[in-house]
Amino acid sequence: MAKLPPFPGTSGRRDWKTAFEAIRKLLANGDDTTQVFRIMRALNVGNAPMNYARFIATAEGGRMAYERVELAERLSDKAYVAQFAPGTVGAAYRHFLETTGYSADGLAEISKINSEEQMLHPYAWFGRRVRDTHDIWHVLTGYKADESLGEAALVAFSYAQVGGLGWAFIGGAAALKSLGVTGNTLFARAVWEGYRNGRKAKWISGEDYEKLLHEPIDSARARLGIRTPVAYLKAQRELGAEMASYLSAPKDKAAAPERLAA
């Protein structure tokens with residue numbers, strides 16, 4: 001695969017000082033999503049050209065890159081989300097939005113702390129695409145978005161799928177902290193399973209999401225090789241709601257702010 005040039009204006013060096021400062025804040029408050037984007041910016045050096053090159057090398061990637069659809073705009077349109085038939089990925093995504101109170105444009109707004117993500121550049125567009133499909137990945141994988149365990153497991157899954165040391169840093173830190181907080185390895189095992197399941201699945205970032213949303217969800221999971229997260233479901237049952245969400249404070253879902261993104 002051809003090697004593409006780096007993101008314009010980047011130094012090529014990881015900013016570990018910022019990453020450690022941000023992870024301390026994130027581990028103290030799992031709802032502080034801005035720290036996620038700070039970590040991504042600090043550690044995901046070289047990730048954008050690698051993934052964009054892989055994307056445009058796929059059968060449909062070149063077309064989608066040429067069309068440059070902004071998925072946050074699509075997924076924030078209530079009429080667009082309302083169209084999907086029962087049993088489809090889109091219907092499951094609609095239910096996710098209705099039950100969590102989360103939104104695609106909420107993540108987009110928080111991510112603006114990273115100026116590169118707003119650039120008129122192919123890499124930035126692809127980064128927004130990954131960000132805007134994060135909640136679709138929640139739906140496909142079965143990892144809950146409104147609990148620490150589900151987010152950490154999906155972070156590990158995301159690292160396996162798209163690389164980027166920032167994802168590994170967040171997932172690893174959450175798993176390590178869980179050992180002391182929960183007194184067992186259930187949380188950490190679920191995070192490790194997320195990574196393994198991400199490695200085994202098809203590369204989901206190469207999918208045409210506008211088609212995928214119309215696909216029956218069980219068929220989509222089978223086609224993409226997304227496995228049932230056995231260790232995650234066990235951890236969820238045995239830890240209980242409080243320990244499964246040990247990084248996040250209880251809150252009213254109707255007033256819940258947007259949180260972790262890809």
Side-chain angles (χ1 to χ4, degrees), residues 31 33-34 36-37 40 48 51-52 55 58 60-61 63-114 116-147 150-151 154-155 157-158 161-162 167 201-221 223-224 226 253-262:
D31 301 316
T33 311
T34 56
V36 174
F37 291 104
M40 294 300 116
N51 280 303
Y52 189 74
F55 181 68
T58 64
E60 292 292 310
R63 173 188 60 79
M64 290 186 281
Y66 180 81
E67 292 173 347
R68 297 192 311 278
V69 171
E70 293 288 349
L71 288 174
E73 296 176 7
R74 289 276 202 279
L75 298 174
S76 299
D77 182 344
K78 291 183 179 180
Y80 178 80
V81 176
Q83 69 176 300
F84 300 110
T88 61
V89 176
Y93 177 67
R94 180 172 63 241
H95 178 72
F96 170 92
L97 296 178
E98 291 169 351
T99 55
T100 63
Y102 297 152
S103 64
D105 54 0
L107 281 177
E109 185 63 30
I110 294 171
S111 75
K112 287 181 179 178
I113 65 164
N114 285 353
E116 292 91 347
E117 199 157 302
Q118 314 310 315
M119 288 177 63
L120 297 178
H121 191 282
Y123 298 165
W125 170 79
F126 185 80
R128 293 192 295 273
R129 190 174 189 273
V130 173
R131 175 200 69 195
D132 298 337
T133 56
H134 177 78
D135 287 339
I136 296 175
W137 287 26
H138 271 296
V139 168
L140 288 170
T141 60
Y143 294 130
K144 288 187 66 177
D146 51 357
E147 67 174 17
E151 281 292 3
L154 186 58
V155 160
F157 184 97
S158 300
Q161 283 275 307
V162 298
W167 292 123
K202 183 179 177 182
W203 195 56
I204 308 173
S205 291
E207 290 294 302
D208 183 336
Y209 285 92
E210 293 182 278
K211 292 180 180 178
L212 175 62
L213 288 166
H214 286 282
E215 193 172 344
I217 190 164
D218 290 339
S219 298
R221 285 170 173 158
R223 180 178 64 80
L224 296 170
I226 298 174
K253 283 187 179 180
E258 206 30 288
R259 75 295 141 245
L260 197 65

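As the structure is a computational prediction, the values presented were derived from the model and not from experiment.
- Between Asp208 and Arg63 there is a salt bridge, since a side-chain N of the basic residue sits under 4.0 Å from a carboxylate O of the acidic one.
- Taking the side chain as every heavy atom from C-beta outward, Thr99 and Asp146 never approach each other to under 4.5 Å.
- Residues Leu75 and Tyr209 are not in side-chain contact: their nearest non-hydrogen atoms beyond the backbone lie 4.5 Å or more apart.
- Looking at every heavy atom in both residues, Leu97 comes nearest to Ser103 through CD2-CA, 4.2 Å.
- Closest approach of Ala220 and Leu212 over heavy atoms only: CB-CD1, 3.8 Å.
- Taking NE2 of His138 as the reference point, atom OG1 of Thr100 lies at 9.0 Å (rounded to 0.5 Å).
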Val36 and Val155: side-chain contact (heavy atoms from CB on, under 4.5 Å), yes or no, with the steps?
CA-CA 10 Å; Val36 174; Val155 160; over 6 Å; no

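- Using a 4.0 Å cut-off between charged side-chain N and carboxylate O, Lys144 and Glu151 make no salt bridge.
- The side-chain heavy atoms of Glu210 and Val69, taken from C-beta on, include a pair separated by under 4.5 Å.
- Atoms NE2 and OH, on His121 and Tyr52 in that order, are 9.0 Å from each other to the nearest 0.5 Å.
- Here the side chains of Trp203 and Phe55 are in contact, with some heavy-atom distance below 4.5 Å.
- No side-chain heavy atom of Asn51 sits under 4.5 Å from any side-chain heavy atom of Val130.
- Counting heavy atoms from C-beta on, the side chains of Ile136 and Ile204 never come closer than 4.5 Å.
- Between Tyr143 and Gly150 the shortest heavy-atom distance is CB-O, 3.5 Å.
- Annotation: side chain of Trp137 is in contact with side chain of Ser205 (closest heavy-atom distance under 4.5 Å).
- We find that Arg223 and Glu215 are joined by a salt bridge, their nearest charged nitrogen and carboxylate oxygen being less than 4.0 Å apart.
- In plain terms, the two heavy atoms of Leu140 and Leu224 that are nearest each other are CD1-CD1, 4.2 Å.
- At a threshold of 4.5 Å between non-hydrogen side-chain atoms, the residues Glu60 and Glu207 do not count as touching.
- Applying the ring pair (Phe, Tyr, Trp, His ring centres under 6.0 Å) rule to His95 yields no partners; only residues at least two apart in sequence or on another chain are considered.
- Atom CG of residue Asp135 and atom OH of residue Tyr93 lie 5.5 Å apart, to the nearest 0.5 angstrom.
- The NZ atom of Lys211 sits 8.0 Å away from atom CE of Met64, with the distance rounded to the nearest 0.5 Å.
- Scanning both residues, Ala104 and Asp132, for their nearest heavy atoms gives O-OD1, 4.5 Å.
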Please walk me through it: do Glu70 and Trp125 pass side-chain contact (heavy atoms from CB on, under 4.5 Å)?
CA-CA 8 Å; Glu70 293 288 349; Trp125 170 79; 3.6 Å; yes

Atom pairs and distances, donor-acceptor, side-chain atoms in residues 78-91, under 3.5 Å, two or more places apart:
{"residue": "Gln83", "atom": "NE2", "partner": "Tyr80", "partner atom": "O", "Å": "3.0"}
{"residue": "Thr88", "atom": "OG1", "partner": "Ala85", "partner atom": "O", "Å": "2.6"}
{"residue": "Thr88", "atom": "OG1", "partner": "Ala91", "partner atom": "N", "Å": "3.1"}

